[in-house]
2 protein chains.
Amino acid sequence: MTLDVKTLCLGVLTQGEASGYDIKKQFEQVFSYFYVASFGSIYPALTQLAREGLVVCREESQPNRPDRKVYALTEAGRERLLATLQATPPRHRIRSEFYALLHFAHLLPARRVGELIDERLSDVNRTIEEIENMLARLGAEDCGLEPGQRFEVELALHTLRAHRDFIQKNGPALAREAQANTSSDLQYSGT
Amino acid sequence: MTLDVKTLCLGVLTQGEASGYDIKKQFEQVFSYFYVASFGSIYPALTQLAREGLVVCREESQPNRPDRKVYALTEAGRERLLATLQATPPRHRIRSEFYALLHFAHLLPARRVGELIDERLSDVNRTIEEIENMLARLGAEDCGLEPGQRFEVELALHTLRAHRDFIQKNGPALAREAQANTSSDLQYSGT
DNA sequence: GCGATGGTATATCGGTTCGATATATGACGC
DNA sequence: GCGTCATATATCGAACCGATATACCATCGC
């Protein structure tokens with residue numbers, strides 16, 4: 001079994017009612033570093049969950065705004081969530097264009113290799129900052145994280161920092177090496 | 001633009017001819033820790049690449065065996081690969097049931113939390129070993145890695161080890177904490 | 001000699017998901 | 001008055017995963 005978008009939506013709804021839009025924001029703010037989900041999967045998921053009776057939908061028609069469809073977890077939904085969490089193996093997959101590009105770096109011009117390193121570095125730093133900000137925000141509001149969530153966040157931070165430190169330390173050498181190779185033997189001459 | 005299976009197949013074919021089956025093995029042995037691709041995507045990808053003239057297919061009918069369809073990169077294919085590698089942003093996404101389950105660990109019985117930690121730990125250790133074995137094999141055969149590939153593998157190893165070390169150090173405390181919570185307040189009472 | 005297991009090899013199919021796009025409205029700056 | 005941003009829902013094609021089917025051979029236990 002796999003943790004699909006439907007299950008994650010149920011999970012978000014354990015924290016209270018939410019619209020599809022709210023859930024998307026949750027995904028971006030809380031899950032973004034280990035899960036992505038777009039409107040294209042969230043809205044159909046909610047529709048289907050409602051059909052299965054795992055959530056109920058209440059339409060909030062507010063003046064001068066598009067209708068808000070607010071979803072809430074049902075008892076059946078809660079049970080389904082718990083059962084699925086029980087049965088799901090803890091997989092962990094990476095889909096990385098960055099690693100793939102490094103794998104074929106020898107086919108690329110040196111400048112590009114340096115850019116890849118820099119771009120990855122700023123991406124990682126942005127992610128780390130986002131998580132740190134989230135921690136600070138939660139700390140200030142004192143709406144405590146569950147122990148599992150604290151572990152999760154700290155593990156992610158620890159892992160990301162190690163990732164960043166390695167790139168920071170060894171990235172420049174790789175860029176220089178690529179430079180040295182290209183100066184004598186041009187692999188790619190632009191478009 | 002995204003690095004899709006088609007592009008990765010072109011990349012594998014820069015190292016020489018290969019069948020779909022060979023390419024799958026390459027994916028498993030070399031890309032497995034940052035990319036997954038199944039037969040269900042590789043075979044259609046090769047068919048389409050052949051239709052576009054980016055690879056050529058030679059059918060090797062060997063006695064008492066299913067035919068082997070051996071694919072080779074064309075000049076157009078090589079150019080397409082380089083252009084795509086040039087244009088692809090270095091994204092890096094994680095899809096982790098493990099992190100997700102940690103996020104909802106407070107809904108799970110304590111035993112399950114401990115099992116998740118253990119299972120993740122042995123998964124990570126297996127991955128680390130596989131990479132180390134691959135490095136040893138390549139070192140013995142002296143078919144050197146490109147600098148980018150060496151960087152890639154060492155970055156992955158460094159990151160995975162940090163990930164493992166954190167879990168090893170702090171996992172047991174989380175499992176104990178879950179235990180303490182469950183003893184007074186039972187969240188889930190089995191199926 | 002025979003079934004089980006596992007490796008080689010290709011292929012398809014359903015269901016899920018990504019990413020882009022469409023539509024509509026209000027707020028806010030300038 | 002105009003662009004841009006946030007709120008809000010929705011759809012659609014393309015891509016992809018994972019399971020499954022098919023077929024043959026080698027090896028090994030029994």
Side-chain angles (χ1 to χ4, degrees), chain A residues 1-9 17-29 31-32 34-52 55 57-71 84 88-89 91-97 100, chain B residues 1-9 17-29 31-32 34-52 55 57-71 84 88-89 91-97 100:
Chain A
M1 202 182 297
T2 301
L3 273 196
D4 52 13
V5 175
K6 274 162 60 183
T7 308
L8 270 290
C9 286
E17 297 186 331
S19 67
Y21 193 78
D22 295 335
I23 292 177
K24 177 79 196 305
K25 276 196 295 185
Q26 273 282 310
F27 269 89
E28 275 165 7
Q29 286 165 19
F31 297 158
S32 65
F34 66 84
Y35 219 94
V36 283
S38 61
F39 288 130
S41 48
I42 290 174
Y43 283 117
L46 287 171
T47 305
Q48 210 180 323
L49 286 172
R51 232 191 354 257
E52 293 177 51
V55 300
C57 177
R58 168 171 56 82
E59 250 174 275
E60 219 174 57
S61 98
Q62 38 195 355
N64 294 332
R65 282 280 180 175
D67 280 6
R68 246 175 83 88
K69 291 189 184 174
V70 180
Y71 294 87
T84 306
T88 303
R91 297 205 303 171
H92 185 93
R93 286 147 294 169
I94 290 172
R95 172 69 155 249
S96 175
E97 264 88 34
Chain B
M1 202 180 299
T2 301
L3 272 198
D4 53 13
V5 174
K6 275 163 57 184
T7 308
L8 271 288
C9 286
E17 296 184 333
S19 68
Y21 193 77
D22 295 334
I23 292 177
K24 177 78 196 304
K25 277 196 295 185
Q26 274 281 310
F27 269 89
E28 275 165 7
Q29 286 164 19
F31 297 158
S32 64
F34 65 83
Y35 221 93
V36 284
S38 61
F39 287 131
S41 48
I42 291 174
Y43 283 118
L46 287 172
T47 304
Q48 211 180 325
L49 287 171
R51 232 194 351 259
E52 294 177 51
V55 301
C57 176
R58 169 171 57 83
E59 250 173 277
E60 221 173 57
S61 96
Q62 38 196 355
N64 294 331
R65 282 281 181 175
D67 281 6
R68 248 176 81 87
K69 291 189 183 173
V70 181
Y71 293 87
T84 306
T88 302
R91 295 206 302 170
H92 184 92
R93 284 148 295 169
I94 290 173
R95 172 68 155 246
S96 175
E97 264 87 36

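Protein chains get the first letters and strands the later ones, always in sequence-line order, with residue 1 at the start of each.
Scored by the side chain to side chain donor-acceptor pair (under 3.5 Å) test, A/Glu28 finds A/Lys24 as partners (sequence neighbours excluded). Annotation: side chain to side chain donor-acceptor pair (under 3.5 Å) contacts of B/Glu17 (sequence neighbours excluded): B/Arg58. Scored by the salt bridge (Lys or Arg N to Asp or Glu O under 4.0 Å) test, B/Lys69 finds no partners at all (sequence neighbours excluded). The side chain to side chain contact (heavy atoms under 4.5 Å, CB included) check on A/Asp4 picks up A/Lys6, A/Thr7, with sequence neighbours excluded. Here B/Phe31 pairs with A/His103, A/Phe104, B/Leu8, B/Val12, B/Phe27, B/Phe34, B/Tyr35 under the side chain to side chain contact (heavy atoms under 4.5 Å, CB included) rule; sequence neighbours left out. Residues forming a side chain to side chain contact (heavy atoms under 4.5 Å, CB included) with A/Thr2 (at least two apart in sequence, or on another chain): A/Arg91, B/Glu97. Judged as a side chain to side chain donor-acceptor pair (under 3.5 Å), and not counting sequence neighbours, the contacts of A/Ser19 are A/Asp22.
Between A/Leu49 and A/Cys9, some side-chain heavy-atom pair lies under the 4.5 Å cut-off.
Note that CZ of A/Arg93 is 13.5 Å distant from OG of B/Ser32, once rounded to the nearest 0.5 Å.
In this entry the distance linking CD of A/Gln29 with C1' of D/dT7 reads 14 Å, nearest Å. Going from atom CD of A/Glu59 over to atom P of D/dA10 covers 8 Å, rounded to whole Å. Protein atom OH of B/Tyr71 is 14 Å distant from nucleotide atom P of C/dA9, rounded to whole Å. Here the P atom of nucleotide C/dT16 and the CG atom of A/Leu49 are 11 Å apart, to the nearest Å. For A/Glu28 and D/dA6, the CD to C1' distance is 12 Å, given to the nearest whole Å. Per the geometry, CZ belonging to B/Phe27 stands 18 Å off P belonging to C/dA9, to the nearest Å. The distance between atom CD of B/Glu17 and atom C1' of C/dA9, rounded to the nearest whole Å, is 17 Å. Protein atom CD of A/Gln26 is 14 Å distant from nucleotide atom P of D/dT7, rounded to whole Å.
Checking C/dC18, D/dC16, D/dA6 against every side-chain atom of B/Asp4, the shortest atom distance belongs to D/dC16. Of the candidate nucleotides D/dG18, C/dA9, C/dT17, C/dA9 has the atom nearest to the side chain of B/Arg68. The side chain of B/Asp22 has C/dA9 as its nearest neighbour among D/dC17, D/dT9, C/dA9.
Under 4.0 angstrom from either OP1 or OP2 of C/dT10 there lies no side-chain N or O belonging to B/Tyr21. For B/Ser19, no side-chain nitrogen or oxygen approaches OP1 or OP2 of C/dT8 to under 4.0 Å. Between B/Arg91 and the phosphate of C/dG19, there is a side-chain N or O to OP1/OP2 separation shorter than 4.0 Å. Proximity of B/Lys69 to the phosphate of C/dA11: a side-chain N or O atom is located under 4.0 Å from OP1 or OP2. Between D/dC16 and A/Arg93, no contact under 4.0 Å exists linking OP1 or OP2 to a side-chain N or O.
Within a heavy-atom distance below 4.0 Å of DNA chain C, the residues of residues 40-48 of chain B found are B/Gly40, B/Tyr43.
DNA chain C is contacted by both A/Ala37 and B/Phe39; B/Phe39 maps to the nucleotide lying nearer its 5′ end (nearest heavy atom per residue). Ranked by how close their nearest DNA chain D nucleotide is to the 5' end, A/Gly20 and B/Lys6 are led by A/Gly20.
Without hydrogens or angle criteria, A/Ser41 side chain to A/Ala37 main chain gives no donor-acceptor distance under 3.5 Å.
Inter-axis angle, ends of the helix from C/dG1-D/dC30 to C/dC30-D/dG1, five pairs per end, rounded to 10 degrees: 30°.
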